[in-house]
2 protein chains.
Amino acid sequence: MTNKKLILQIDFRSGLPIYTQIVNQVQAQIASGILKPDHQLPTVRALAEELRVNFNTVARAYRILDEARIISTQQGRGTFITESLPPKVTERLRREALEALTQRYLSEALRLEFSKSEIRQTVNDQLKTWNEANEPKK
Amino acid sequence: MTNKKLILQIDFRSGLPIYTQIVNQVQAQIASGILKPDHQLPTVRALAEELRVNFNTVARAYRILDEARIISTQQGRGTFITESLPPKVTERLRREALEALTQRYLSEALRLEFSKSEIRQTVNDQLKTWNEANEPKK
DNA sequence: GCAACATTGATACATTTAGTACAATTATGA
DNA sequence: TCATAATTGTACTAAATGTATCAATGTTGC
């Protein structure tokens, strides 16, 4: 049973609309396989309470994901991940997720006036550390 | 609960732009501890009405303070004081800030099961784009 | 004087919150 | 079984809030 709890991190200062952040993160977790088909998402009201956000905002995110056929919202029942998407779609979502995540990171770092070489260096250093830490993964 | 009302004194004859006076006084009140982190500031319209100025002028002051990371403006929600930063950012703190930012980025990317080479590739690609986009900065 | 710039104002817009009502489904209990 | 309540998503309106863009006005330097 994959009863994993949905964990989202909303950044209220990012400038990105909250509903967009929810859409992006759910998409990313589905594309990455963290959320699997038939998995039930939190109710709009429960997720709204957890994120300290109005439930209409969550409903808007769910509606967008539903229209994209990524989740299936069912009145009176709940919200579920749809059957596995075509690999091509999954791959696209995965790539978009990484690009969005990276863009947020870089724009923040550059705004704080870190140089591109500093950033590159830090990313490489930390990746190397992670290499040694948990490389043999499956 | 620190529900202190923001009180500003604008001098319309001082020659200083109104938005500058707002910026200075909010900054001063935060520095002196009158306004504390997470405190919600008046809305641009409420403060504008109180000061008898256009709300765009208040919005401009808030935008400047937001860009300086002193406050956090959130569309549809309001404006809040951010955590106070040390007045002088040392080189060590600078480095720690970048490392923390990078760690958050990488742990999220790795949680989504992106490979280290994918991440490196995406970071480098986007850094290159940024190079061309806004490198010649006057 | 005038051109360039800064400041302020006006207007339309996007986002979030709030509230209410409703339909569909599920759970409960007599 | 059946009636009722609770849960869940949907729809809609209204208001609050910050944002973007351009126009009007004021200031400054030549």
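Heavy-atom basis, side chains included; hydrogens, waters and symmetry copies ignored. Proteins come first, then strands; the chains are lettered A, B, ... in the order of their sequence lines, and each starts at number 1. No experiment lies behind these values; they were computed from the predicted model shown.
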**Student:** Could you tell me how far apart B:Glu49 (CD) and D:dA16 (P) are, to the nearest whole angstrom?
**Tutor:** 12 Å

**Student:** At their closest point, which heavy atom of A:Phe12 faces which heavy atom of A:Ile18, and how far apart are they?
**Tutor:** CE2-CD1, 3.7 Å

**Student:** Just the rounded figure in Å: distance from P of C:dT8 to CZ of B:Arg13.
**Tutor:** 16 Å

**Student:** Starting from P on D:dT8, measure out to CG on A:Leu41 and report it in whole angstrom.
**Tutor:** 13 Å

**Student:** By nearest atom, which of the nucleotides D:dT10, C:dT26, C:dT16 is closest to the A:Arg77 side chain?
**Tutor:** C:dT26

**Student:** Which whole-number value in Å describes the distance from A:Gln40 CD to D:dT7 P?
**Tutor:** 14 Å

**Student:** Short of 4.0 Å, heavy atom to strand atom, which residues of residues 60-71 of chain A count as contacting DNA chain C?
**Tutor:** A:Arg60

**Student:** Looking at A:Asn56 and C:dG19, is any side-chain donor or acceptor paired with a base atom of the opposite kind under 3.5 Å?
**Tutor:** yes

**Student:** Without decimals, in angstroms, what is the distance between A:Leu47 CG and D:dG9 C1'?
**Tutor:** 14 Å

**Student:** For B:Arg45 and A:Pro17, find the nucleotide of DNA chain C closest to each by heavy atoms; which residue's nucleotide sits nearer the 5' end?
**Tutor:** B:Arg45

**Student:** Is it true that A:Glu108 and A:Arg104 have a side-chain N and a carboxylate O under 4.0 angstrom from each other?
**Tutor:** no

**Student:** Would you say A:Thr73 places a side-chain N or O within less than 4.0 Å of OP1 or OP2 belonging to D:dT8?
**Tutor:** no

**Student:** Tell me: CD1 of B:Ile18 to P of D:dT27, nearest whole Å?
**Tutor:** 11 Å

**Student:** Select from A:Gln74 and A:Asn54 the residue whose nearest nucleotide in DNA chain C is closer to the 5' end of that strand.
**Tutor:** A:Asn54

**Student:** Going through the distances and angles, do A:Leu98 and A:Arg95 end up as a side-chain contact (heavy atoms from CB on, under 4.5 Å)?
**Tutor:** CA-CA 5 Å; A:Leu98 179 56; A:Arg95 183 162 28 82; 6.0 Å; no

**Student:** Please walk me through it: do A:Ile30 and A:His39 pass side-chain contact (heavy atoms from CB on, under 4.5 Å)?
**Tutor:** CA-CA 10 Å; A:Ile30 292 175; A:His39 182 94; over 6 Å; no

**Student:** Side-chain contact test, heavy atoms from C-beta onward, threshold under 4.5 Å: evaluate it for A:Leu85 versus A:Leu93 and give yes or no.
**Tutor:** yes

**Student:** Test side-chain contact (heavy atoms from CB on, under 4.5 Å) on A:Arg63 and A:Arg60; report intermediate values, then the result.
**Tutor:** CA-CA 5 Å; A:Arg63 183 167 52 76; A:Arg60 183 171 179 180; 3.9 Å; yes

**Student:** Using atom CZ of A:Phe80 as one end and atom C1' of C:dA24 as the other, report the distance to the nearest whole Å.
**Tutor:** 13 Å

**Student:** Counting side-chain heavy atoms from CB outward, which of D:dG9, D:dT19, C:dT8 is closest to A:Thr79?
**Tutor:** D:dG9

**Student:** Among D:dG9, C:dG9, C:dT20, which is the nearest nucleotide to the side chain of A:Gln75?
**Tutor:** D:dG9

**Student:** Nearest whole Å is fine: how far is C:dA14 C1' from A:Tyr19 OH?
**Tutor:** 8 Å

**Student:** For B:Leu127, which of B:Thr129, B:Asp125, B:Val123 qualifies under side-chain contact (heavy atoms from CB on, under 4.5 Å)?
**Tutor:** B:Val123

